[in-house]
Amino acid sequence: MPELAEVEHTRRKWDVGIGQPVREVVIHKPAARVFRKIDPAHLQSRLKNQPLVSSEAKGKQMIFRFGKKADRCLGIHLGMEGLLRVEPPDFAPAKHDYLLLRQAAQSLVFSDHRLFGLILYFEGAAADRWWDALPPAVTSDEFTLAALTTFVQRRKGTALKPLLLMQERFPGVGNWMADEILWRAGLHPETRAGKLAPPATERLWKMTREVCERAIEEMAEDWSYPDTWLFPHRWEDGGACPQCGSDLERKIIGGRRTCWCPHCQPAPTRLTPSPKNARQAA
DNA sequence: GGAGTTGTTTAGGA
DNA sequence: TTCCTAAACAACTC
């Protein structure tokens with residue numbers, strides 16, 4: 001489940017190869033779905049003998065820059081279960097290892113057993129256009145309370161859970177992170193965005209930033225989080241709220257598995273019918 | 001063997 | 001037209 005923090009952590013794995021040229025680009029299965037947007041043979045010829053010079057992550061997207069001018073760029077999205085690994089230089093790709101960059105000291109491997117990941121390739125100005133067009137990080141200065149307020153008003157009919165999964169506004173937030181944010185903000189995942197009062201919108205804004213910042217700092221090597229987070233409790237059967245001890249509830253909301261605390265995140269109150277509607281009902 | 005899971009895209013409905 | 005929902009994609013685990 002690669003979300004913002006896992007993506008950042010994953011990106012750094014390949015940094016061991018910075019400064020070294022790629023001796024060979026191995027495309028394990030050129031017809032694999034991960035290459036659906038590019039010609040893998042082109043990628044193969046353009047990266048050969050080029051040094052890896054830098055890497056960067058933005059939300060769930062990663063960019064690896066190659067070449068003396070850093071203008072040959074590999075874009076990677078991990079999808080649901082994509083992974084980056086480092087293997088010995090003579091490593092032979094296994095079944096789900098679709099891309100392998102062989103360097104003198106190691107091989108950089110991209111694997112994805114479910115094929116929801118995506119490999120992209122851009123050169124020169126096209127790389128900058130792609131990277132610059134990605135939405136600003138929720139930890140950046142551009143993610144303001146005003147911007148969030150505008151967004152929740154425009155998406156007033158959307159429940160908060162699917163709202164937080166919209167990458168155009170919350171890049172990097174995935175399924176568990178959305179649950180964590182709503183839990184900390186004390187907001188029920190089925191609350192409609194348009195029903196948020198200003199203080200609730202502000203809590204949502206603060207907790208979105210807090211969870212995204214702290215996730216990168218506090219994630220352990222095995223992608224686990226402290227017991228004080230909702231994270232370790234949301235997976236187990238049953239499970240209790242680490243704040244109040246109540247039994248956690250689970251349900252599919254917006255098509256996604258959702259976990260929340262019924263005590264800390266009370267269900268949205270029903271609308272009181274207007275006098276006119278009440279007369280019609282009677 | 002069937003259900004459940006994960007993120008994004010797309011098609012279709014309201 | 002805009003917004004929202006649900007299905008499809010693939011392959012593995014339980």
Side-chain angles (χ1 to χ4, degrees), chain A residues 1-11 28-38 57-63 75-85 93-99 110-120 130 133-135 137-138 148-182 189-196 208 211-212 215 219 222-225 230-239 248-260 268:
Chain A
M1 26 88 209
E3 303 182 20
L4 187 131
E6 293 94 339
V7 169
E8 178 61 22
H9 181 265
T10 299
R11 171 189 70 80
H28 186 33
K29 293 174 187 167
R33 212 179 110 84
V34 295
F35 298 115
R36 61 194 178 277
K37 296 274 178 95
I38 60 162
K58 200 189 265 187
K60 296 174 188 170
Q61 309 277 351
M62 293 181 278
I63 188 169
I76 295 183
H77 190 295
L78 297 171
M80 301 248 197
E81 294 182 20
L83 288 172
L84 300 185
R85 306 200 312 278
K95 187 178 176 187
H96 298 298
D97 298 337
Y98 295 102
L99 174 67
F110 165 83
S111 67
D112 183 6
H113 73 91
R114 290 182 63 189
L115 300 172
F116 281 110
L118 185 62
I119 302 273
L120 299 170
W130 170 64
L134 294 175
V138 295
L148 178 61
T149 303
T150 306
F151 190 71
V152 299
Q153 284 166 356
R154 185 153 57 87
R155 302 287 188 165
K156 55 182 184 287
T158 304
L160 293 182
K161 176 60 186 268
L163 185 93
L164 280 168
L165 295 176
M166 292 180 176
Q167 299 299 297
E168 71 205 74
R169 187 72 271 175
F170 304 97
V173 173
N175 203 31
W176 79 255
M177 243 177 193
D179 285 358
E180 187 80 35
I181 290 165
L182 292 171
E190 285 179 303
T191 307
R192 300 281 158 171
K195 300 292 177 202
L196 283 184
T208 300
V211 168
C212 291
M219 188 183 77
D222 61 353
W223 291 14
S224 67
Y225 290 86
L230 177 66
F231 181 88
H233 308 278
R234 73 183 299 284
W235 309 105
E236 57 193 65
D237 259 353
L248 295 171
E249 291 197 13
R250 291 177 185 78
K251 181 181 172 183
I252 303 289
I253 298 174
R256 304 299 299 280
R257 190 81 178 151
T258 302
C259 175
W260 74 97

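Values below: every heavy atom of this structure, side chains too, minus hydrogens, waters and symmetry copies. Naming: A, B, ... by sequence-line order, numbering from 1 per chain. For clarity, every value in this text was computed on a predicted model and none was experimentally measured.
- Note that NZ of A:K251 and CH2 of A:W260 are 5.5 Å apart. Values are rounded to the nearest 0.5 Å.
- Ring pair A:F231/A:W176 is perpendicular by interplanar angle, where above 60° counts as perpendicular and below 30° as parallel.
- Using a 30° and 60° split on the angle between ring planes, A:H28 and A:Y98 fall in the tilted class, from 30° to 60°.
- Closest approach of A:V173 and A:A178 over heavy atoms only: CG1-N, 3.8 Å.
- Regarding A:F151, its CZ atom lies at a distance of 11 Å from the C1' atom of C:dC3, rounded to whole Å.
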Protein-nucleotides 12-14 of chain C N/O pairs closer than 3.5 Å?
from: C:dC12; atom 1: OP1; to: A:H96; atom 2: NE2; distance (Å): 2.7

Q: Could you check A:L148 against A:F170 for side chain to side chain contact (heavy atoms under 4.5 Å, CB included), going step by step and ending with a plain yes or no?
A: CA-CA 10 Å; A:L148 178 61; A:F170 304 97; 3.5 Å; yes
Review item, nucleotides 9-13 of chain B N/O atoms under 3.5 Å of protein N/O:
none

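- Summarising the geometry, the separation between CD on A:Q153 and P on C:dC4 is reported as 13 Å, rounded to the nearest angstrom.
- A:D97 has a carboxylate O that lies under 4.0 Å from a charged side-chain N of A:R85, or vice versa, which qualifies the two as a salt bridge.
- Here A:G157 lies in heavy-atom contact (under 4.0 Å) with sugar-phosphate atoms only.
- For A:L83 and C:dA11, the CG to P distance is 16 Å, given to the nearest whole Å.
- Distance A:K156 NZ to C:dT2 C1': 10 Å, rounded to the nearest Å.
- Between A:N175 atom CG and B:dG4 atom P there is a gap of 15 Å when expressed in whole angstrom units.
- At C:dC3, none of the side-chain N or O atoms of A:R155 fall inside 4.0 Å of OP1 or OP2 (strictly under the cut-off).
- Closest to the side chain of A:I252, from the set B:dT5, C:dC9, B:dT8, is B:dT5.
- Minimum atom distance to the side chain of A:L115 is reached by C:dA11, of the listed C:dA11, C:dC4, C:dC9.
- Contact between A:D112 and A:E81 at its shortest, heavy atoms only, is OD1-C, 3.8 Å.
- Taken to the nearest 0.5 Å, the CZ atom of A:R36 stands 9.0 Å off from the CG atom of A:L120.
- Checking A:T208, A:V138, A:N175 one by one against A:L164, the side chain to side chain contact (heavy atoms under 4.5 Å, CB included) holds for a single residue, A:T208.
- When distances run from any side-chain atom of A:K60 to the nucleotides C:dC3, C:dA11, B:dT8, the shortest one goes to B:dT8.
- Closest contact between the side chain of A:R257 and the listed nucleotides B:dT5, C:dC9, B:dT8 involves B:dT5.
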